[in-house]
Number of protein chains: 2
Amino acid sequence: MSKCEQCIVRQFSSLKALNKTELIRISDCKESIVIKRGETIFEEGQHLDGVYCVRSGICKLTKLSDNGRQQIIKFVKSGDLLGQRTVISNDTVNLSAIAVQDMEVCFIPKREINQAFQENPRFSGEVINVLCNDLKDADNSIVNMAQKPVKERLAYYLMHFHDDFGLDQEGYLSVQLSREEIAGMVGTATESLIRMLSEFNKKGLIETKGKRIKIKDTVQMERMAEGF
Amino acid sequence: MSKCEQCIVRQFSSLKALNKTELIRISDCKESIVIKRGETIFEEGQHLDGVYCVRSGICKLTKLSDNGRQQIIKFVKSGDLLGQRTVISNDTVNLSAIAVQDMEVCFIPKREINQAFQENPRFSGEVINVLCNDLKDADNSIVNMAQKPVKERLAYYLMHFHDDFGLDQEGYLSVQLSREEIAGMVGTATESLIRMLSEFNKKGLIETKGKRIKIKDTVQMERMAEGF
DNA sequence: CAATTTATATGATTTTTGTCATGATATTTG
DNA sequence: CAAATATCATGACAAAAATCATATAAATTG
């Protein structure tokens, strides 16, 4: 089993605040897990006995709406921790985590996290900062969802994907989602989403190849996200 | 000037975790402020040099959308602290705070809050818990905004008002908002909101008297909020 | 208290978005 | 590789919501 002390991903997570001793302790009791695309890491309502540190891959955090649709709240990538809020506030999980790519994650038991949280103020500071950022992002999302029409939201999220997850060799967005998933992120019906992608395509804003999407005109797309 | 040690509101805020010495220190440098309905406490983009502790009254936290509408993200009432996220993550304010009732707030300088945060783990624990709850609420709001139609969102928020802020002597919701403000909370156009209230009125779900709203059928309203 | 402004209300219309139906492509599986 | 299944795409229509216009009521102000 690989060691936390040597894990590159650590540098990007809150765990970077831990010292060698703490890392070794965590390393000794952590559990490496491989998760295939589509598999669920945890589901809303569940109790978590620890947090997951994402080594590779990406997962979506979703919540089931009353109308039966799965809303994507946020994406989590390597370096991020999963389930921090739950462990800290000792609450059940509010969101489901489902892999959208094959993933490697490490499970770190609650007690280790709590101990580090209590004893290492730099670590707790890092975690709190992540929570604060999440809260800010969430507040911004509320405004977008409540006020922007679907077309602008789609443009907004495509640009976010472009900026946060980057492109593959051919210039397509590196994360491939199904149309249904994109609809769940934008907060619209799948058919509406497909129509809008077709429209963006016709207007020359994007180019699609199966599930893959390339943003051809980022300037225009950015403007569209802002409502022009 | 009144003293924090004797302030009843303290019991309901994160400040309850502070000991006498800490409270006296804060009390000595805090500043009491009276804010009239409609006045702004702070605006998005601004820097804050401290947090506000709400003694009485209610304010709305809003964010201006690209389309020029003011979205209400959340309400803050007595016992709550304002600006915690900003002070902790040393960021500019993301939301504007505007009084919807006359308020009394106390301004507590950043340095005092930071010191208490560093030195008193019970206090930081309380603050973190508040942030975690805010995050959970925000995630739930995203789903509501993205997936529910306006009618259901209105029912949902009316019920929240009913449960969180209670009723006056005559059974009307105790917080009075303008139609425009309610629209900004639900995330819709003012005219649409007014139409929906008329509809609720005709159906016997609510009763209005000027700005005041009474929920006549909470059971039905609850069901409506869930999409029936 | 009359005049002005602001907030509320409603009608008419357009735009946006959702739903249902159906066909075309992929993708999976035996 | 063919059959079955899932995904993607598009048309037709219905519903929801925004916008514009205009009227009425309420609040403010000189």
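What you are looking at is a predicted structure, and each value in this text was computed from that prediction instead of being measured.
- A:Met224 has its CE atom 14 Å from the C1' atom of C:dT16, to the nearest Å.
- Atom CZ of A:Arg212 is separated from atom C1' of D:dT7 by 17 Å (rounded to the nearest Å).
- Between the CD atom of A:Glu199 and the C1' atom of D:dG11 there is a distance of 16 Å, rounded to whole Å.
- Checked against C:dT17, D:dA17, C:dT10, the side chain of B:Ile194 finds its nearest nucleotide in C:dT10.
- Projected onto DNA chain D by closest heavy-atom contact, A:Lys202 and B:Val150 fall at different nucleotides, the more 5' of which corresponds to A:Lys202.
- Taking 3.5 Å as the limit, the base of C:dG18 and the side chain of A:Arg69 contain no donor-acceptor pair of atoms between them.
- As judged by a 4.0 angstrom heavy-atom cut-off over every strand, B:Thr190 is placed among residues making no nucleic acid contact.
- For B:Glu191, the listed nucleotide lying nearest its side chain is D:dT19; candidates were D:dT19, C:dT8, C:dC20.
- Between B:Leu154 atom CG and D:dA16 atom P there is a gap of 15 Å when expressed in whole angstrom units.
- Which of C:dT10, D:dT19, D:dC8 sits closest to the side chain of B:Ser192 comes down to D:dT19.
- Under the 3.5 Å distance criterion, the side-chain polar atoms of A:Arg179 are left unmatched by any main-chain donor or acceptor of A:Thr190.
- Protein atom CD of B:Glu180 is 12 Å distant from nucleotide atom P of C:dT6, rounded to whole Å.
- Here the side chain of A:Ser198 is nearest to one of C:dT17, D:dA17, D:dT10, namely D:dT10.
- Remark: B:Asp168 engages B:Arg212 in a salt bridge, criterion side-chain N to carboxylate O under 4.0 Å.
- Residues B:Lys214 and B:Glu170 are not paired through a salt bridge, judged by the lack of any N-O separation under 4.0 Å between the basic side chain and the carboxylate.
- Checked by atom type, the side-chain pair A:Thr208/A:Asn201 shows a donor-acceptor distance below 3.5 Å.
- OP1 or OP2 of D:dC8 lies within a sub-4.0 Å distance of a side-chain N or O belonging to A:Lys211.
- Rounding to whole angstrom units, CG of residue B:Asn67 and C1' of D:dA18 are separated by 11 Å.
- Between the CG atom of A:Leu193 and the C1' atom of C:dT16 there is a distance of 15 Å, given to the nearest Å.
- In this entry the distance linking CG of A:Asn201 with P of D:dC8 reads 15 Å, nearest Å.
- With hydrogens and angles ignored, a donor-acceptor pair under 3.5 angstrom links the side chain of A:Arg195 to the base of C:dT19.
- Between B:Asp91 and A:Lys136, at least one side-chain N (NZ, or NE/NH1/NH2) sits under 4.0 Å from a carboxylate O, which counts as a salt bridge.
- Within 3.5 Å, no donor on the side chain of A:Arg179 pairs with an acceptor on the base of C:dT25, nor the reverse.
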